[in-house]
Amino acid sequence: MSLVRIQTEPIAFIEEWTEFLRRIEGKGGAVVSFSGIVREFNQDSKVEELYLEHYPEMTEQSIHQIIDKAHEKWELLDTLVIHRVGLIKSREQIVVVLVGAEHRAEAFSACEFIIDFLKTDTILWKKEIHHDGSSWIESLDTDYQRSKHWE
Amino acid sequence: MSLVRIQTEPIAFIEEWTEFLRRIEGKGGAVVSFSGIVREFNQDSKVEELYLEHYPEMTEQSIHQIIDKAHEKWELLDTLVIHRVGLIKSREQIVVVLVGAEHRAEAFSACEFIIDFLKTDTILWKKEIHHDGSSWIESLDTDYQRSKHWE
Amino acid sequence: MSSTEGLVKVLFFGAIREAVGVGEVAVEIPADRSLRTAVAMVMQEYGVKLTQYHRESYVVALNKQICKNDALLEANDEIAIFPPVTGG
Amino acid sequence: MSSTEGLVKVLFFGAIREAVGVGEVAVEIPADRSLRTAVAMVMQEYGVKLTQYHRESYVVALNKQICKNDALLEANDEIAIFPPVTGG
C-alpha cells in the first residue's frame, strides 16, 4: 500500500499519522516518520516563505516511482508521502514521509531512501522568499551524493 | 536538550509530537520519529499483552546514557524517548523516539542509533503473554549486531 | 516533411519559466521531428541563458516522462523544460 | 574480617526474579567483601540454574551501575542480578 498527496494546505500531521497507524495496526512493529520543516534561517538569511512550484501529474508520478522502488527494495506494510506546493511559511512542514514495516530496519531505510530521492528525483522547484526579494534554490551536490549511495 | 520518560500509561504520541515540534520550531529542518508497536503475532503465536519489567532509576539512567552518546555523535536539537513499562496491549506503542535536527541525515542516524541501543542497553525485560501462558523474551543476536555496527 | 505536421506544447518551470517569462508556448514540430531540435529552437528563441543553471543546466521531459533528446515528436506532444529539481 | 561488616540488598529482575521466587533479599557482606563472592553465594542459595539463560547468562549491577565482579562491597550497597536486557 502507498499513498501520495500533493497539497497547498498545511499538512495535518496528527490526523495523517493517526490514520496511518490505524491502517497498519496489529501487523506493524515499526512506524518511522520524517517531517521536513521550513527553517526560519538559511545561512543567516531570514526566510519568510518558500514557494514550491510543481508540474501537475508529473510531480505525483515522480513520487510514486520513488515509493515503488522502496517497496521493491524492502518489505513494507504501508507508505505515505505528503508534499506541499505553493507558498509555505517558515516553521511549517513542507514534506512528511511515513513508513510502516514489521521491523524497524526496513522502516528506517525506506523512509530515508524516500526522502533522499524526494530531494533529487521529485519534480519540484523551490524558491526562497526573503523580505527584500526571492531566489530559486539550487540543487545540492550533497543531495545527489546521498541518492547515489543507495545504488 | 533531551527528555526521557518511563510510564505505565499509553503513549500520547500526538501530544508528545506536537509539543516536541513546538520546541524546535524555526531551528529544526528535520524531525524523525520512531514508534515501536506491539505486534499481534510473534512467529504465528498470538500475543495478548507484553509485560515490561524495569529497574526504577537504572532504566532511566540507561536511556539517558544512550541519548547522551547520540548527542555526542551528532549535532541534534532535541531528543525525546518515551518507554512504556508494565502491561502493554498488542497494537499499542511500546516505545517512541523523537529526534530533531537541522539536517535530516543527523536526525535519521540518531533516531536509529537510539532505538538500536534501546534494544541492547536499556535495563528492561520483556515477557509475552499468550492466552495459555507467558514467556520471557530472549535477547536477539541480530539486535546486538545492529548495536555493534555503530562502533 | 514540412512544418505542417502540427504543434507541440512546451512548458517551462521554475527559474527557466521566470527567465522565459511565460509558462507555456506552442511550437511547430521541426522538420526532423526530433525533440532535440525542438528544444534547441525554443531555447534559442526565448533566449534563456543555459549557462546560468547549475549542473546539467536543464532537464527535458516529453509527455511527463524524463527522456533522451533523440525522441521523435508527434502532434500534441507535451514538452517540458526545467531546471534541476529541488523538492523534499 | 567477619560477617559483621553489614548487609547488602540484592535485587532480581525478569526471568531470574521468577526463578528465584522473590524480587529482593538482604545478604551479609562476605568475608572477602567481593561482589563476585556475594553473587556466587546468592546464586547458589537460590538455586538459579544459570545455564537456562542465553548468552552471558546474567548481568550484575552494583548501585545501579553495570560493573565488573571484582568490585568491593560496602554496607547498604544495592546489588542487582538480571538476565540480558530486552527493551525497545
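Lettering of chains follows the sequences in order, A, B, ..., and the numbering in each one begins at 1. What you see is a predicted model, and the numbers here were worked out from it, not measured in a lab. For the numbers below, each heavy atom of this structure counts, side chains included, while hydrogens, waters and symmetry mates do not.
Across B:Ile63, B:Leu52, B:Leu118, the residue that shares the most heavy-atom pairs under 4.5 angstrom with chain D is B:Leu118. In terms of non-hydrogen atom pairs under 4.5 Å with chain D, the most contact-rich of B:Asp143, B:Thr122, B:Asp121, B:Ile114 is B:Thr122.
Interface with chain D: from residues 76-97 of chain B, residues B:His83, B:Ile94, B:Val95 qualify, criterion being any non-hydrogen pair under 4.5 Å.
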inquiry  = Applying side-chain contact (heavy atoms from CB on, under 4.5 Å) to D:Gln65 and B:Met58, what does each step give before you reach the verdict?
reply    = CA-CA 7 Å; D:Gln65 300 288 337; B:Met58 191 168 178; 5.7 Å; no
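From B:Glu53, atom CD reaches atom CD of D:Glu18 across 8.0 Å, with rounding to the nearest 0.5 Å. To the nearest 0.5 Å, the span separating CG on B:Leu124 from CZ on D:Phe13 amounts to 10.5 Å.
For B:Thr120, the part lying near chain D is the backbone, with the side chain staying farther off; criterion is any non-hydrogen pair under 4.5 Å. Only the side chain of D:Leu11 comes within contact range of chain B, with heavy atoms under 4.5 Å apart. Of the atoms belonging to B:Gln65, it is side-chain heavy atoms, and not backbone ones, that fall under 4.5 Å from chain D. For chain D, the nearby parts of B:Ile123 are the backbone and the side chain; heavy atoms of each come within less than 4.5 Å.
The number of heavy atoms from other shown groups lying within 6.0 Å of NE2 (B:His149) is above 12. Counting heavy-atom neighbours within 6.0 Å of D:Asn76 CG, excluding the residue itself, gives a total of 12 or less. Within 6.0 Å of atom CD in B:Gln61, more than 12 heavy atoms from other residues, nucleotides or ligands are found, so the atom counts as buried in its surroundings.
Side chain of B:Lys119 to backbone of D:Val85: no donor-acceptor contact under 3.5 angstrom is found. With hydrogens and angles disregarded, no donor-acceptor distance shorter than 3.5 Å links the side chain of B:Ser139 to the backbone of D:Thr86. Between the side chain of B:Trp125 and the main chain of D:Pro83, a donor-acceptor pair closer than 3.5 Å is present.
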